[in-house]
Amino acid sequence: MKKEISFMPIDYDYFDWQGRNYVKIIGRDDKGKRVCIVDSYEPYFWAIFKQDTSERKIRELQQKIGKIKIEQVGRTTIVEKTELHDKKFLGRDVKALKIFITNYKDAHAIADKIDFPEIEARREYDLSLITKYIIDKKLVPLTWHKISGEILERDYGGIAESLDCDVCIKVEHIEKADSIIFEPKILAFDIEADEFEIGKGEILMISLVSKNFKKVLTWTRIPKTPDFVEVCKDEADMIERFVKYVKKQNADMLVGYFSDGFDLPYLRARAEKLKVKLSLGLDGSQPTFARGRITSARISGIAHVDLLRFIETVYSQYMQSETLGLNEVAREFLGEGKKDFEHKHSTRLKEQEWLNYFEYNLQDSVLTYKLAEKFWPDMLELCNIIQEPLFELTRDGMSQLVESYIIHHLKEYNEIAEKRPLHDEIEERRRRGRYEGAFVLQPIPGLYENVVMFDFTSMYSSVIVTYNLSRSTFLGYKKTGKEANEAELSEGKVYFTKQPGFFPMMLEDMIEKRKKYKAEYKQDPSPVKRARSNAYKLLANACYGYQGFFGARYYCREAAAATASLARKSILATIDKIKAAGYQVIYSDTDSIAFLRGNKNKQEVLSFLKKLNSELPGIMELELEDFYARGIWVTKRTGEFGAKKKYALITEDGKLKIRGFETVRRDWCNLARELQNEVLLRILKEGNEKSALSYTKKIIQELKARKVGKEDIVIRTQLKKPISEYKAITPHVIAAKKMEEMGLPVDVGMLVQYFVAETRETKKLVREKVKLPEEKGEYDINYYLEHQIVPAVENIFEIFGIKKDELLGKSQKKLLEF
DNA sequence: GACTGAACTATACC
DNA sequence: ACGGGTATAGTTCAGTC
C-alpha cells in the first residue's frame with residue numbers, strides 16, 4: 001500500500017539485508033505518530049586520477065576497477081558500476097571515478113585494491129554511511145520532509161514487526177517540506193546508587209521526568225510513600241519497570257546528565273548482574289556503548305543525549321559557572337539548583353532521609369528535563385545547519401562540528417572530501433610544534449580615567465576570509481608569478497592564492513548568516529532566532545582553531561600561523577594609528593585595544609572609529625566594545641612591569657568587568673576573591689584607594705581574630721589526572737589522597753577542597769598543613785595572610801604607593817606622599 | 001639546612 | 001587525539017653552597 005507522510009527524522013541507523021546496506025530512520029509525522037522509514041543506499045567512494053592521465057588509460061582502469069570483487073565470510077562485495085566525473089579536490093580540477101559498491105562495509109578493502117600508479121588518491125570511504133546518506137539523499141536531521149513509499153510489513157527480515165513504531169515505510173521519494181514547529185518528546189532520567197564505581201553498589205532509585213510525568217522508582221519500603229514514588233519488588237524489578245516506563249513514555253529523546261559516563265553504564269552493569277534485559281531500544285535492543293575518547297551510549301530508535309557533553313562543547317566557554325556540575329549549570333541557566341541532601345550509605349538512611357532522597361533524585365531529572373527544553377532550540381538549529389543527527393551532534397567536539405559542517409556543504413563546491421589523517425600523519429603534524437600566536441601589549445600599571453575599548457569583530461575569522469587562508473589556497477613558501485596574499489612566519493614568508501577557496505568562502509557565508517540572524521533576532525527576539533545566530537557564531541569562531549588542529553581533515557599549519565601573523569600585523573597597525581591620532585594606548589590583547597579618551601568626546605572617538613574602519617581591508621571590522629569610566633592595570637608579582645591579561649574596568653553605570661584577577665580564579669579562597677573584588681569595586685567607583693584600604697584592614701583584622709568562616713578559606717583545585725600520575729605532590733594532591741583514605745569518591749576532573757591548617761610544629765611545605773574541610777583544626781592565619789590576602793590586593797595598592805606593611809598595620813610611611 | 005631557579009601544575013584571556 | 005597560542009602565579013623539586 002502506498003503512503004505519503006510528513007516526516008521529521010530523528011534517529012539514524014543502518015542495517016544489512018542480503019549483503020546490501022539499508023538506512024533505517026526513526027522519527028515523527030505531523031500527527032505525532034512514531035514513524036520508521038527504510039531506504040536503500042547505493043554506497044560509493046572516489047578514485048582521483050593524476051593530472052596527466054590519458055583518456056585511454058582512464059577507460060582501461062575503469063574497466064579493471066569495474067571487475068573488483070571481495071569475498072568476505074558470508075558476503076561478497078563487488079564494484080557495481082563506475083562513473084567518470086569532473087570534480088574538484090582541494091580546489092583543483094580533477095577527473096575522478098565514482099565507484100559504486102554493493103556494501104559500504106567493504107569500501108576500505110576495495111579502495112585498498114585500487115592502488116594503480118595513475119590514481120592520485122582514493123577518498124570518502126572513511127565517512128560514516130549515515131553522513132553520506134544524508135548528503136546524497138538530502139534527508140537533513142530535524143527538518144520536515146515529505147516522504148512517499150510503500151508500507152512495510154514483513155520485508156527485510158521482519159524489521160517492521162520487531163519495531164515499536166506506528167508505521168514503517170519503504171521510501172521511494174523524499175522532498176523538503178514546509179517547516180512547522182516540532183516539539184520533541186523529551187524524557188529525562190537520573191539514577192542514585194550506593195557506590196560511585198560503576199556497578200559496584202545497588203541502584204537505589206531511578207527518576208523519570210517528561211512533560212506531564214514525574215516518577216521515582218525504588219525498591220525501598222518506607223511507611224509513608226509519596227505519590228510520585230513507585231515501590232518495586234527489588235532492584236531487578238525496578239530496572240524492568242524503568243524500561244517499561246521508557247517505552248510507555250514514547251520519547252524522541254532520552255536525556256541524562258553525565259549519563260554516557262554514569263547512569264547508563266551503571267544500569268547496564270546492574271542489569272547484567274541481575275540478569276534482566278535493559279531493552280530500551282525501539283527494536284528491543286540494549287544500549288550499545290561505542291568506545292571513543294569518551295564512551296557514548298546509543299539506544300536504537302531514541303536519541304540518547306548526555307547534556308553534559310553538549311554543554312561542554314557548546315556553552316562552557318561562555319559560562320560563568322566554575323564547574324559543569326548539574327547544580328551550578330542549572331543555577332546559571334534556570335535559576336534553580338539541586339535539592340540539598342547529605343549523601344549517606346543507604347543502610348544508614350532514616351525514613352525522613354529517604355523521603356528527601358526521593359525528592360533529590362526527582363529534582364535532578366526535573367533540572368535535566370528543563371535544561372533539555374532550554375537547549376532544544378540550539379540542538380535543533382545545530383542539527384539543521386551542520387546536518388548531522390542529534391546523537392552524534394551532541395557528542396561532537398568543536399573541531400568535529402566544524403568538520404561535519406564542511407563535509408555536508410562540500411557539494412556546493414563540487415569538492416571531494418579530504419581523508420581523515422592517519423596515526424602517523426597526526427604524529428608528524430604534532431612534531432611540527434607550535435607557531436607564534438597573538439600579540440599582547442604590556443600595559444603600564446595605573447588607574448586610568450575614560451578608557452575606550454575597541455575590538456575586531458570575529459578577528460581571526462575575518463582574517464581568514466580577507467586573506468583567503470586555507471589548505472586548498474596555500475601556494476607554498478616561494479613566490480610564484482601570480483599575485484598572492486602573503487604572511488610572514490618565523491620560518492619565512494608564505495603565500496596564498498587570491499582565487500577564493502571553499503574554506504574561506506564557507507566561513508564568509510557563516511559570518512554573513514550570523515550577521516543576518518543576529519539582526520533578525522534583534523528585530524524579533526525568539527529562542528529560535530537566537531539559537532540560529534549563536535550556532536553560526538560558534539562555528540565561525542571555531543574555524544581558526546580547526547585549521548590549526550592536528551586531527552583535522554583540512555589541517556593547514558601555515559594557514560593557521562598566517563592567520564595569527566596577519567592578525568598581529570593588523571592590530572599593531574591599528575595601535576599605531578590610534579597613537580598617531582593623539583590617544584594614549586594602554587593595553588591590547590589579540591583583537592582588542594584599550595586607550596584613553598583624553599580630552600576628546602565620545603562622538604569624536606566614534607567618528608575616528610569610522611575612519612579606521614574605512615581603511616581596513618576585506619571584511620575586517622573594528623567596533624566599539626564600550627566606554628569605561630575608569631580602568632586599572634597592575635604590575636606582575638615579580639618585577640615592576642605591567643601584568644598582561646589582568647585588568648578591571650567599570651562602565652559609567654557602575655558595571656564591573658574584571659579579567660584575570662584572583663577574583664575570577666576558582667583556585668583562590670573566597671575570602672581573598674571577595675576582598676579583591678570589593679577593593680577593585682571601591683577604587684574604580686571612587687577613583688581613589690581610601691575606603692578600599694580601610695576595608696582591607698578590617699578584613700585582615702577579622703582574619704587575625706579567627707572570625708572568618710571555614711567556607712571562606714577553603715581552596716578548591718581541580719584534580720586533572722589520577723593521583724599516581726602527579727610528579728609534584730601539591731596541596732590538592734594531598735587533599736585528594738586524604739579523601740581516598742577516608743573512602744570518599746575521588747575522580748579525575750573533580751574539584752578537590754581543602755584548607756591550610758595551623759600545626760604545632762612549624763612545617764615548611766604547604767602540603768604538610770593541608771586538611772579537608774570536614775577535618776578539625778584552625779586555619780593558619782599566617783598562610784592566609786601571606787599567601788592569599790596580601791597577594792590578592794598588594795599589587796593593587798602598590799599603584800597608590802601603599803606597601804604591604806601598611807596593609808598589615810605595621811608603621812610605615814607612604815613613600816609617595818608629599 | 002638555606003637558597004634558587006627549573007619544573008610542574010592550575011587557571012585565565014582572547 | 002578529539003580547537004589554537006599567550007600569560008600569570010603558586011608549590012614542589014633538585015641542585016648549589
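Numbered from 1 within each chain, the chains take letters A, B, ... in sequence-line order. Every heavy atom of this structure was used, including side-chain atoms; hydrogens, water molecules and symmetry mates were not.
- Between the P atom of C:dT11 and the CG atom of A:Asp780 lies a distance of 11 Å, rounded to the nearest Å.
- B:dT11 and C:dA1 are spaced 22 Å apart, taking the C1' atom of each and rounding to whole Å.
- Judged purely by distance below 3.5 Å, without hydrogens or angles, the side chains of A:Gln320 and A:Glu332 never pair a donor atom with an acceptor atom.
- As judged by a 4.0 angstrom heavy-atom cut-off over every strand, A:Gln400 is placed among residues making no nucleic acid contact.
- A:Lys657 places its NZ atom 10 Å from the P atom of B:dC13, with the value rounded to the nearest Å.
- Counting any heavy atom pair closer than 4.0 Å across all strands shown, A:Arg434 reaches a base atom.
- For the pair A:Tyr587 OH and C:dT6 P, the interatomic distance rounds to 14 Å; values are reported in whole Å.
- Regarding contacts with the backbone of C:dT11, a side-chain N or O of A:Tyr783 is found under 4.0 angstrom from either OP1 or OP2.
- With C:dA1, B:dC14, C:dT12 as the candidates, the nucleotide lying closest to the side chain of A:Leu765 is C:dT12.
- Residue-level contact check: A:Lys764 touches neither bases nor backbone, having no heavy atom under 4.0 Å from any strand.
- Within the nucleic acid shown, A:Tyr460 has no heavy atom closer than 4.0 Å to any nucleic acid atom.
- Applying the 4.0 Å criterion to OP1 and OP2 of C:dT8, one finds that A:Lys646 has every side-chain N and O outside that range.
- Across all strands shown, A:Ile294 has no heavy atoms under 4.0 Å from either base or sugar-phosphate atoms.
- Close to B:dA12, at under 4.0 Å from its OP1 or OP2, lies no side-chain N or O of A:Arg665.
- Here A:Leu401 lies out of heavy-atom contact (under 4.0 Å) with every strand.
- For A:Arg659 and A:Tyr647, the positive end is not near the middle of the six-membered ring at less than 6.0 Å and at most 45° from its axis.
- Within 4.0 Å (heavy atoms only), A:Tyr647 reaches sugar-phosphate atoms of the nucleic acid but no base atom.
- A:Thr730 OG1 to A:Leu719 CG: the interatomic distance, rounded to the nearest 0.5 Å, is 8.5 Å.
- Within 4.0 Å (heavy atoms only), A:His732 reaches sugar-phosphate atoms of the nucleic acid but no base atom.
- When the P atom of C:dG3 is taken as reference, atom OH of A:Tyr435 falls 14 Å away, rounded to whole Å.
- Of all heavy-atom pairs spanning A:Ile593 and A:Ser588, the tightest one is CG1-OG, 4.0 Å.
- Here A:Phe550 lies in heavy-atom contact (under 4.0 Å) with sugar-phosphate atoms only.
- Nearest nucleotide to the A:Lys720 side chain, out of C:dT8, B:dT11, C:dT12: B:dT11.
- The CG-P distance, from A:Leu422 to C:dA1, rounds to 14 Å in whole Å.
- Heavy-atom nearest nucleotides on DNA chain C were determined for A:Glu662 and for A:Phe549, and the one closer to the 5' end corresponds to A:Phe549.
- Dashed line: the shortest gap from a side-chain N or O of A:Arg767 to OP1 or OP2 of C:dC13 is under 4.0 Å.
- A:Gln547 comes within contact range of no nucleotide atom at all, as no heavy-atom separation falls under 4.0 Å.
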Check against salt bridge (Lys or Arg N to Asp or Glu O under 4.0 Å), A:Glu488 and A:Arg568: CA-CA 10 Å; A:Glu488 221 160 323; A:Arg568 284 194 304 273; over 6 Å; no
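- Taking atom CZ on A:Phe310 and atom P on C:dC2, their separation rounds to 20 Å, with Å as the unit.
- Of the side-chain N and O atoms in A:Tyr726, one or more sit less than 4.0 angstrom from OP1 or OP2 of B:dA10.
- In this structure, of C:dA9, C:dC13, B:dC13, it is C:dC13 that holds the atom nearest to the side chain of A:Ala728.
- The shortest distance between the side-chain N/O atoms of A:Lys644 and the OP1/OP2 oxygens of C:dA7 is below 4.0 Å.
- The side chain of A:Gln718 lies closest to B:dA10 when the candidates are C:dA7, C:dT8, B:dA10.
- Listed pair A:Arg659 / B:dA12 fails the phosphate criterion, with no side-chain N or O lying under 4.0 Å from OP1 or OP2.
- Judged by closest nucleotide on DNA chain C, A:Gly551 is the one of A:Gly437 and A:Gly551 placed further toward the 5' end.
- Note: CD (A:Gln317) to P (C:dG3) measures 11 Å, nearest angstrom.
- Seen from the ring of A:Tyr555, A:Arg553 does not count as a face-on cation partner, given the 6.0 Å and 45° thresholds.
- Across all strands, A:Phe641 comes closer than 4.0 Å to no nucleic acid atom at all (heavy-atom distances).
- Scanning both residues, A:Val463 and A:Thr563, for their nearest heavy atoms gives CG1-O, 3.7 Å.
- Phosphate contact (OP1/OP2 of C:dT8, side-chain N/O of A:Lys636, threshold under 4.0 Å): present.
- With respect to the salt-bridge test (charged N to carboxylate O, under 4.0 angstrom), the residues A:Arg557 and A:Glu436 do not qualify.
- The phosphate of C:dG3 has OP1 or OP2 within less than 4.0 Å of a side-chain N or O from A:Ser399.
- Across all strands shown, A:Ala542 has no heavy atoms under 4.0 Å from either base or sugar-phosphate atoms.
- Atom CZ of A:Arg666 is separated from atom P of B:dT9 by 16 Å (rounded to the nearest Å).
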